Amino acid sequence: MRMVFDSYGQKCYKSYADAATLLLRFLKYKKPHDVKSNINPIAHTDKSFISFLHQNNVRGLEVMTKDGEWFTFEPSPSSFMIMAGDAFVAWSNGRIKACYHRVAVREENEVRYSLGVFSYQKGMIKTPDELIDEERPQQFKPFDHVDFLCYRDSSDNRVKAQSLIKTYWGV
Ligand SMILES: O=C(O)CCC(=O)C(=O)O
Ligand SMILES: [Fe+2]
């Protein structure tokens, strides 16, 4: 994270880190009997600032490439998946893209375990002034990260997850 902030000339990494709050989740998936509901959870972008994932050896995490193709993450004991979430998109004024992903366990009798650390900000997220200019005008209004999560939870917009941040906080 510090490297990303530095690369954008931002000296505010400490205040970002001080306001970060982390959620740790353990997840378990197996191939459902009903093949139609095999895609679980719904394809989405995370609402976090950034997410870190680690898992056992059972494949299942799929990420959409720029060309719209699903790519299956190849697990290994030493690999982590680090994904930008919607809040990072807004902070960077759209420079950073959120990772669109889903979990689909396709192998019979396999259980996939994953460990996710999701980083959220306490308080407001505002695009730094230096990341807004004529070439790239402001794309997102400042917003409270917890309000954004409440908006997600209180609506059926999960299914429109890919563009949720743009829908709610887009200028
Ligand atoms: O289990 C995983 O690897 C991903 C879970 C996930 O996408 C999420 O909890 O948002
Ligand atoms: Fe996710």
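Each ligand, and each atom within it, is numbered from 1 in the order the structure gives. From a predicted model like this one, the values you see are computed outputs, not experimental measurements.
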Which part of [X] is near ligand 1, with near meaning a heavy atom under 4.0 Å away: side chain, backbone, both or neither?
| X | value |
| --- | --- |
| M81 | neither |
| Q55 | neither |
| R102 | neither |

With the Fe ion (ligand 2) as the apex, the NE2/OD1 angle for H101 and D46 - to 10°: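 Value returned, to the nearest 10°, is 100°.
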Could you tell me whether the side chains of [X] and [Y] share a donor-acceptor contact shorter than 3.5 Å?
| X | Y | answer |
| --- | --- | --- |
| T45 | D86 | yes |
| S119 | Y16 | yes |
| H44 | D46 | yes |

For [X], atoms of ligand 1 separated by under 4.0 Å from a heavy atom:
| X | value |
| --- | --- |
| V103 | 1 (O), 2 (C), 4 (C) |
| Y29 | 1 (O), 2 (C), 4 (C), 5 (C) |
| F118 | 8 (C), 9 (O), 10 (O) |
| L27 | 1 (O), 5 (C), 9 (O) |

Aromatic centroids of F143 and W91 separated by under 6.0 Å: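 Ring centres of F143 and W91 not closer than 6.0 Å.
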Under-4.0 Å salt bridge between E107 and R59: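 Yes.
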Carboxylate-amine/guanidinium proximity below 4.0 Å for R2 and D6: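 No, no charged N to carboxylate O under 4.0 Å.
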